[in-house]
Amino acid sequence: MEAMRRRIARLTLALTPMMAAASLAGSSGAEPAPRFNKTYPVSTAAHLAILNVNGDVKVTTSNKSEIVVAVVDGPAITVQDHVAGNSIEVWVKHGLRVGRANFEISMPADTSINLKNIMGRISIWGVNGDVNVNALNGDVRLVAVRSPSVDVKVISGDIFFDGELGGEGPFCLQSMKGDVDVTLPASTPFNLNARALKEHISLGGFPFSFSSQQSKAITGSHSRGGPKLNLTAYDGRIILHRK
Amino acid sequence: MSCVQCREVMSEYIDGELELGVETQVERHLAQCQACQAVRDDIVQIVHFSRNLPEHSPGTGLWLRIQSEIESEHRGGFYSKAASLWRRLTTGRLTLSFPQIAVFTSSIFLITLSAGFFGWNGSRQESVASPPVEARPVETLQAAPADETRIEDIMQRLGELKTNVELRKSAWNPEVRELFERDVLHIDQTLAECHHALLDNPKDDVCREMMLNACREKMRLLEGFSDY
């Protein structure tokens with residue numbers, strides 16, 4: 001009996017450090033360290049290209065003269081980058097054989113961004129530079145955007161735009177399977193070219209001067225016209241909102 | 001039988017013109033080669049598409065222009081052949097086999113589509129300004145230039161990409177494969193719907209424009225997946 005008690009005591013002593021280590025590891029696991037985290041100092045009007053494969057991409061803006069790219073929550077993926085002056089490119093290798101890699105990006109508002117992604121949601125907030133999104137699956141959200149031009153193409157996913165037309169355009173939003181939802185200030189002048197193959201087009205009360213109006217195609221100008229706003233939805237609605 | 005040999009006789013195989021022994025070899029090869037199956041499916045789709053095209057009789061003006069082109073480009077020895085061909089055409093003594101008629105009809109259709117597309121693309125180019133040089137990605141994300149977007153080029157490129165993707169698909173995880181198949185199916189259904197709508201109303205320019213754009217989207221989808 002005494003031998004048994006000593007054996008238990010020894011076992012407890014041996015296990016205590018291991019349990020403590022496991023406990024510490026567990027607490028640090030709640031906030032995983034980014035798999036890739038780099039800061040790139042930039043001057044005005046930089047350009048950023050992100051080529052992700054499977055995962056979300058979240059872009060926000062800051063007042064700092066730097067671009068921060070962090071890949072979080074991902075498995076052991078390979079991320080590479082290339083810097084040429086004010087132009088930065090970051091991409092994921094071997095993406096479809098591994099799990100998701102979520103990008104979190106902070107950059108100056110005037111940075112132009114080029115995003116390519118196969119699967120995953122994309123959100124872009126507060127950008128004033130050109131925006132180009134080439135996505136296959138996943139919703140795309142552009143909020144508080146004042147870009148001089150926007151080009152978003154998605155095969156399967158909704159596109160949500162809430163911002164201003166900050167330049168001569170064009171502003172092209174296209175989804176093969178999903179809604180295209182656009183919110184603009186009521187006074188925005190623009191030329192609309194909307195194509196919805198299966199669903200309807202809702203003009204949200206914008207008073208248009210139509211040059212052509214069919215069930216699936218509408219062309220017209222608002223406030224005497226302005227930058228071109230091309231909206232295309234193959235299997236989804238086109239919805240305009242005034243604010 | 002190798003892939004090269006199989007593809008050399010693919011058209012004859014689809015037309016049922018192969019000898020029984022060769023046909024059996026092709027079928028054996030197809031049973032175990034996904035890439036060649038993809039090529040076969042594409043050709044069958046194109047043949048089916050071509051056979052369902054409405055027949056349009058070219059006007060006299062077109063024939064006159066063809067004759068004029070032939071005369072201006074190939075004077076001399078070739079001229080007499082062209083003149084002979086023209087005489088046979090105008091006198092109705094020219095007989096064409098089914099494949100020749102099919103090729104001719106397809107060509108007319110493709111020319112019409114290309115012309116319509118270039119017209120649309122021209123107006124689109126006017127509206128789509130190129131991004132600044134520094135804004136261009138390493139890969140070209142913008143639409144292909146007009147001279148690369150002829151429908152036959154698109155179909156050929158689609159076939160190549162599909163073959164490439166079929167070879168790589170087995171390495172993907174099942175979730176990705178399912179997603180890819182779903183997207184391809186969706187675009188193909190959209191293309192089929194546009195095609196039917198165009199058959200009902202060949203003057204539906206919006207539908208034609210959207211169909212060609214859907215072809216580009218399929219190309220973008222296949223390109224997106226073919227890198228991995």
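Proteins come first, then strands; the chains are lettered A, B, ... in the order of their sequence lines, and each starts at number 1. Since the model is a prediction, treat every value here as computed from it, not as a measurement.
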* Can you say whether A:Val131 sits under 4.5 Å from chain B via the side chain, the backbone, both, or neither, judging by heavy atoms? -> neither

* Is it the backbone or the side chain of A:Gln214 that comes under 4.5 Å from a heavy atom of chain B, or both, or neither? -> side chain

* Any idea which of A:Leu48, A:Thr232, A:Leu197 has the most non-hydrogen atom pairs under 4.5 angstrom with chain B? ->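 Most heavy-atom pairs under 4.5 Å with chain B: A:Leu197.
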
* Hey, which of A:Asn137, A:Asn193, A:Asn191 has the most heavy atom pairs under 4.5 Å with chain B? ->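 Among the listed options, the one with the most contacts to chain B is A:Asn137.
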
* Structure fact -> Under 4.5 Å to a heavy atom of chain A? For B:Asp204 that would be side chain

* To do: Measure B:Ala197 against the heavy atoms of chain A and call it side chain, backbone, both or neither at under 4.5 Å.
  =>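 Nothing of B:Ala197, per the 4.5 Å heavy-atom cut-off to chain A.
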
* Structure fact -> Residues A:Gly129 and A:Pro148: closest non-hydrogen pair is C-CD, 3.8 Å

* Asked: A:Ile238 and A:Arg195: which non-hydrogen atoms are nearest, and at how many Å?
  ->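 Closest heavy-atom pair between A:Ile238 and A:Arg195: CD1-O, 3.3 Å.
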
* Take atom CH2 of A:Trp91 as the centre, draw a 6.0 Å sphere, and report whether it contains more than 12 heavy atoms from other residues, nucleotides or ligands. =>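 Counting other residues, nucleotides and ligands, CH2 of A:Trp91 exceeds 12 neighbours.
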
* **Ion pair A:Glu199/A:Lys216, N-O distance below 4.0 Å** =>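 Here A:Glu199 does not pair with A:Lys216 in a salt bridge, since their nearest N and O are not under 4.0 Å apart.
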
* To do: Check the angle between the aromatic planes of A:Phe206 and A:Phe190 and answer parallel, tilted or perpendicular using the 30° and 60° thresholds.
  =>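 Ring orientation of A:Phe206 relative to A:Phe190: perpendicular.
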
